Amino acid sequence: MTTSRRLPLQLAILAATLTLCGISSAQQAKEVTFAHQDMLVPLRLVMESGEVEKATGYKINWRMFSGGGDVIRAMASGDVQMGETGSSPLTAAASQGQDIKLFWISADIANAEALIARNASGINSMKDLAGKKVATPFVSTAHYQLMAGMKMDGVDPKSVNVMNMRPPEIAAAWERGDIDATFIWDPVLSKIKGTGKTIATSGSIGKRGAPTFEGIVVNAKWAAANEPFMIAFVKALNRANEEYKATGKSWTPDSPQTKAMAKWTKADPKDVGAAMSLYTFPTMAEQVSPTWLGGGAAKAMAGTAAFLKEQGRVQEVKPDYGAYVTTVYVDKAMGK
């Protein structure tokens, strides 16, 4: 074959290759991995319905993690583009300069996390934790509030055996009698309350100056490049919140919504209603208000960062945590 004949053929092969590469890139761009946890929040309804996938054409890989610290590490590795995490792991990531944005408050934790002491443990207050074994997932909101609560009540943290355990490990340790107390959330919280006593809650400690929340974060560059998806996702999150507010009190263990919540969190369906009632779920207008994305979340993160630095969990406190919070996607979902 002459050179003149080979050239058109080579160009055709090159064009086909570029086309295939283009298709491959487009397909990759329409896929996202989301790291979720086991909290009982309306996001589970979105996961079950597949509504975001239907609205956007994206493939969403829902991957379950045991704690916010694990979620943040997965996002830092680049394997995960979006995830849900508590304000403490989020603050740790922001303090380290991770390129993430908080764009949705999935829940005001309120009383949904609590310090539970085993019956007959002799623990009736924070001060009684000295010399005891207390389990919590490190760098979680529960860990932050446990340490903050002890500080508020003058308990020397060195006097307490604070143990780093993930929720499933805490449930097993409680069953075996290996721990005296735990600061934890549902579904583990519901399982242990029957054999324990509530010493403090996230709500009671929050009112004393250490508020916490659950949020959804995204890789900042990925979000900017996939804005239509982000807006559709926010609309779905709001739709699920509204469904819970309108009908949640009437859900039974056999309701499809309850079954969906239990499926994605491994909670007992009979515990779902009571557990969800401990949270509050901000509306879209509340999301962008000064209470949350409009300022309150960054303020809470600043307070959390100061505490984490004191505990040696982060090296520095950023001058402005507002740089890690955005109202853009909620504003656009509201048509602003």
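FYI, side chains are in, hydrogens and waters are out, and symmetry mates aren't considered; it's all heavy atoms of this structure. Since the model is a prediction, treat every value here as computed from it, not as a measurement.
No option in Leu278, Asp38, Ile109 other than Asp38 meets the side-chain contact (heavy atoms from CB on, under 4.5 Å) test with Trp185.
In this view, Tyr244 and Trp251, Phe281 satisfy the ring-ring contact (aromatic ring centres under 6.0 Å, His included) rule, not counting sequence neighbours. With sequence neighbours excluded, no residue forms a ring-ring contact (aromatic ring centres under 6.0 Å, His included) with Tyr321. Take Lys197 and apply the side chain to side chain donor-acceptor pair (under 3.5 Å) test, not counting sequence neighbours, and it matches Asn124. Partners of Glu51 under the side chain to side chain donor-acceptor pair (under 3.5 Å) rule, at least two apart in sequence or in another chain, are Ser49, Arg239. The salt bridge (Lys or Arg N to Asp or Glu O under 4.0 Å) search around Asp331 returns none, not counting sequence neighbours. Remark: Lys127 pairs with no residue by the side chain to side chain donor-acceptor pair (under 3.5 Å) rule, at least two apart or across chains. Not a single ring-ring contact (aromatic ring centres under 6.0 Å, His included) links Phe183 to another residue, sequence neighbours left out. Every residue was checked against the side chain to side chain donor-acceptor pair (under 3.5 Å) condition with Lys309, not counting sequence neighbours, and none meets it.
Among residues at least two apart or in separate chains, salt bridge (Lys or Arg N to Asp or Glu O under 4.0 Å) pairs with a member in residues 270-292 are Asp268-Lys270. Screening residues 95-128 for ring pair (Phe, Tyr, Trp, His ring centres under 6.0 Å), with sequence neighbours left out, gives no hits. Sorted by first and then second residue, the pairs that involve residues 105-153 and meet ring pair (Phe, Tyr, Trp, His ring centres under 6.0 Å), not counting sequence neighbours, are Phe138-His143, Tyr144-Phe307.
In summary, the side chains of Ser88 and Thr91 do not present any donor paired with an acceptor at a separation below 3.5 Å, with no hydrogens or angles considered.
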Return all side-chain donor-acceptor pairs below 3.5 angstrom for residues 198-216, not counting sequence neighbours, or 'none' if the list is empty.
| from | atom 1 | to | atom 2 | distance (Å) |
| --- | --- | --- | --- | --- |
| Thr201 | OG1 | Asn111 | OD1 | 2.7 |
| Thr201 | OG1 | Gly203 | N | 3.3 |
| Thr201 | OG1 | Ser204 | N | 3.0 |
| Ser202 | OG | Ala110 | O | 2.5 |
| Ser202 | OG | Glu113 | N | 3.2 |
| Ser202 | OG | Glu113 | O | 3.2 |
| Ser204 | OG | Thr201 | N | 3.0 |
| Ser204 | OG | Thr201 | O | 2.9 |
| Arg208 | NH1 | Asp153 | OD1 | 3.4 |
| Arg208 | NH2 | Asp153 | OD1 | 2.8 |
| Glu214 | OE1 | Gly86 | N | 3.3 |

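Using a 4.5 Å cut-off on side-chain heavy atoms (C-beta onward), Met230 and Met82 make contact.
Atom NZ of Lys193 has more than 12 heavy atoms from other residues, nucleotides or ligands within 6.0 Å.
Across Val155 and Met126, no two heavy atoms sit closer than the pair CG2-O, 3.5 Å.
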